[in-house]
Amino acid sequence: MYVRKRIALTATTAILGGVLAATPAMAAAPSAAGSTAASAVAAAHTTDSGDSTAVKTTWKRVWGPAKISAAYLNSHGKKWESQNYTQSRPANSAKVTFKCWNNGDKGKARVRIKDMNTGRILASSGFRLCDWKKHSAVGNYYTGHKLRVLLDVKGKAHTTDITAYRGY
């Protein structure tokens, strides 16, 4: 009887040791009583190489880049709206990136994603300087809903490139 229990205990210990060895993030989690819960969560989500072990979204381009000229923006109240579009399945995340450039006059732009079925704004990039860098807005939505991209400009209008992506 004791032999069977000892064999079962040894096998369980070996399996548990193998699982812990296979997950270095768990072994690297801080065990000190004074550590905060936030640092424990952060350590549990990274591996030894520093890569995130969280689920990563795969992005596929839906349309774009669409080039909206400064002349168009100036003649249309510094606003632009895309047509409604739906994303193919199994997408449940939407991302829109924009890039604009200027001559140092501090012009800003903002891109937003709007769910046309509910009328809600799903995501906004906030107003960002036109500095040749890509800025983005990312939001989740219900599959099959129609989406629309809204571009607003503050200050002097500049040519802007916009690209839409779907994520799954």
Side-chain angles (χ1 to χ4, degrees), residues 23-26 28-30 36-168:
T23 56
M26 293 300 291
T36 63
S39 65
V41 170
H45 288 290
T46 58
T47 61
D48 291 336
S49 64
D51 295 334
S52 175
T53 59
V55 177
K56 294 184 180 178
T57 304
T58 302
W59 297 104
K60 300 288 183 185
R61 187 171 56 88
V62 177
W63 56 264
K67 189 176 290 284
I68 296 90
S69 69
Y72 177 89
L73 290 169
N74 285 326
S75 65
H76 288 85
K78 297 186 180 182
K79 295 179 185 280
W80 176 83
E81 292 186 10
S82 71
Q83 295 179 349
N84 292 346
Y85 67 97
T86 56
Q87 312 238 46
S88 60
R89 293 180 187 240
N92 61 358
S93 297
K95 176 179 177 181
V96 176
T97 62
F98 76 95
K99 180 174 70 170
C100 56
W101 45 92
N102 65 23
N103 296 327
D105 60 8
K106 308 286 188 209
K108 294 182 179 183
R110 167 181 72 176
V111 69
R112 295 178 291 165
I113 303 170
K114 184 175 182 178
D115 184 334
M116 297 307 290
N117 293 47
T118 63
R120 292 180 45 220
I121 299 295
L122 300 176
S124 175
S125 66
F127 280 100
R128 305 288 181 197
L129 282 174
C130 290
D131 56 2
W132 290 90
K133 295 178 184 174
K134 282 189 177 182
H135 304 286
S136 63
V138 179
N140 295 329
Y141 68 97
Y142 293 111
T143 304
H145 280 210
K146 294 178 181 173
L147 302 177
R148 182 177 283 190
V149 176
L150 310 172
L151 171 69
D152 302 313
V153 176
K154 191 186 281 186
K156 189 171 179 184
H158 299 282
T159 301
T160 306
D161 287 340
I162 297 179
T163 307
Y165 300 91
R166 65 181 171 96
Y168 53 93

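What you see is a predicted model; the values in this text were computed from it and never measured.
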Asks: Which pairs with one or both residues in residues 125-145 pass salt bridge (Lys or Arg N to Asp or Glu O under 4.0 Å), sequence neighbours excluded?
Replies: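 Qualifying pairs: none.
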Asks: When the ring planes of H145 and Y142 are compared, do they come out parallel, tilted or perpendicular, using 30° and 60° as the limits?
Replies: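 H145 vs Y142 ring planes: tilted.
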Asks: Kindly write out the residues that satisfy salt bridge (Lys or Arg N to Asp or Glu O under 4.0 Å) with D115, not counting sequence neighbours, or none if the list is empty.
Replies: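 Applying salt bridge (Lys or Arg N to Asp or Glu O under 4.0 Å) to D115 gives none.
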Asks: Strictly by disulfide bond (SG atoms under 2.5 Å apart), give each pair with a member in residues 77-168 just once, sequence neighbours left out.
Replies: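 Non-adjacent pairs meeting disulfide bond (SG atoms under 2.5 Å apart): C100-C130.
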Asks: Please give me the minimum heavy-atom distance between S136 and T97, naming the atom from each residue.
Replies: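 Distance-wise, the nearest heavy atoms are CB-CG2, 3.7 Å.
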Asks: I'd like to check the side-chain hydrogen bond (donor to acceptor under 3.5 Å, both in side chains) partners of N74; sequence neighbours left out, ordered by chain and number.
Replies: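 side-chain hydrogen bond (donor to acceptor under 3.5 Å, both in side chains) check on N74 returns nothing, list empty.
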Asks: Might you point out which heavy atoms bring A157 and L73 nearest each other, and give the distance in Å?
Replies: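 Heavy-atom minimum between the residues: CB-CB, 3.9 Å.
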Asks: Out of curiosity, R112 CZ to L151 CG, how far, rounded to the nearest 0.5 Å?
Replies: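 Going from CZ on R112 over to CG on L151, the span is 9.5 Å.
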Asks: Identify, with sequence neighbours excluded, every residue that meets ring-ring contact (aromatic ring centres under 6.0 Å, His included) alongside F98.
Replies: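 If we apply the ring-ring contact (aromatic ring centres under 6.0 Å, His included) test to F98, skipping adjacent residues, the hits are H135.
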Asks: What's the separation between atom NZ in K106 and atom CG in L129, rounded to the nearest 0.5 Å?
Replies: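 Reported value, rounded in 0.5 Å steps: 6.5 Å.
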Asks: Only counting residues at least two apart or in another chain, list the ones meeting salt bridge (Lys or Arg N to Asp or Glu O under 4.0 Å) with K60.
Replies: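 Result, salt bridge (Lys or Arg N to Asp or Glu O under 4.0 Å) vs K60: none returned.
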Asks: Is K146 atom NZ crowded by more than 12 heavy atoms from other residues, nucleotides or ligands, each under 6.0 Å away?
Replies: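 Counting other residues, nucleotides and ligands, NZ of K146 stays at 12 neighbours or fewer.
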Asks: Carefully, step by step, assess Y85 and V149 under the rule side-chain contact (heavy atoms from CB on, under 4.5 Å).
Replies: CA-CA 9 Å; Y85 67 97; V149 176; 3.8 Å; yes
Asks: Any salt bridge (Lys or Arg N to Asp or Glu O under 4.0 Å) involving residues 92-105? Give me the pairs, sequence neighbours left out, ordered by first then second residue.
Replies: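 Found none.
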Asks: Over all heavy atoms of both residues, which pair between W80 and S82 is shortest? Give the atoms and the distance, please.
Replies: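 Distance-wise, the nearest heavy atoms are CH2-CB, 3.6 Å.
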Asks: Rounded to the nearest 0.5 Å, how far does CG of N140 lie from OG1 of T57?
Replies: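 Here the rounded value is 8.0 Å.
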Asks: Checking K108 against F127: charged group under 6.0 Å from the ring centre and within 45 degrees of the axis?
Replies: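 Ring-cation test returns no.
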Asks: What pairs meet the disulfide bond (SG atoms under 2.5 Å apart) rule with one or both residues in residues 131-168, with sequence neighbours excluded?
Replies: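 Passing the test, one end in residues 131-168: no pairs.
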Asks: How many angstroms lie between NZ in K114 and CG in L150, if you round to the nearest 0.5 Å?
Replies: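 One gets 6.5 Å once the value is rounded to the nearest 0.5 Å.
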Asks: Search all heavy atoms of L147 against all heavy atoms of A94 and return the closest pair with its distance.
Replies: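 Looking at all heavy atoms of both residues, the shortest contact is CD1-CB, 3.8 Å.
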Asks: List, one per line, each side-chain donor-acceptor pair under 3.5 Å for residues 160-168, sequence neighbours excluded.
Replies:
| from | atom 1 | to | atom 2 | distance (Å) |
| --- | --- | --- | --- | --- |
| T160 | OG1 | H158 | O | 3.0 |
| D161 | OD1 | K67 | NZ | 3.3 |
| R166 | NE | S88 | OG | 3.3 |

Asks: Mind checking side-chain hydrogen bond (donor to acceptor under 3.5 Å, both in side chains) for R148 and listing every partner two or more places apart, or none if nothing turns up?
Replies: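 Residues passing side-chain hydrogen bond (donor to acceptor under 3.5 Å, both in side chains) with R148: E81, N84.
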Asks: With sequence neighbours excluded, what pairs up with W59 under the ring-ring contact (aromatic ring centres under 6.0 Å, His included) test?
Replies: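 Checked W59 against ring-ring contact (aromatic ring centres under 6.0 Å, His included); zero matches.
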Asks: For the backbone of T143 and the side chain of N92, can you confirm whether one donor and one acceptor N or O come within less than 3.5 Å of each other?
Replies: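 Between the backbone of T143 and the side chain of N92 there is no qualifying donor-acceptor contact (under 3.5 Å).
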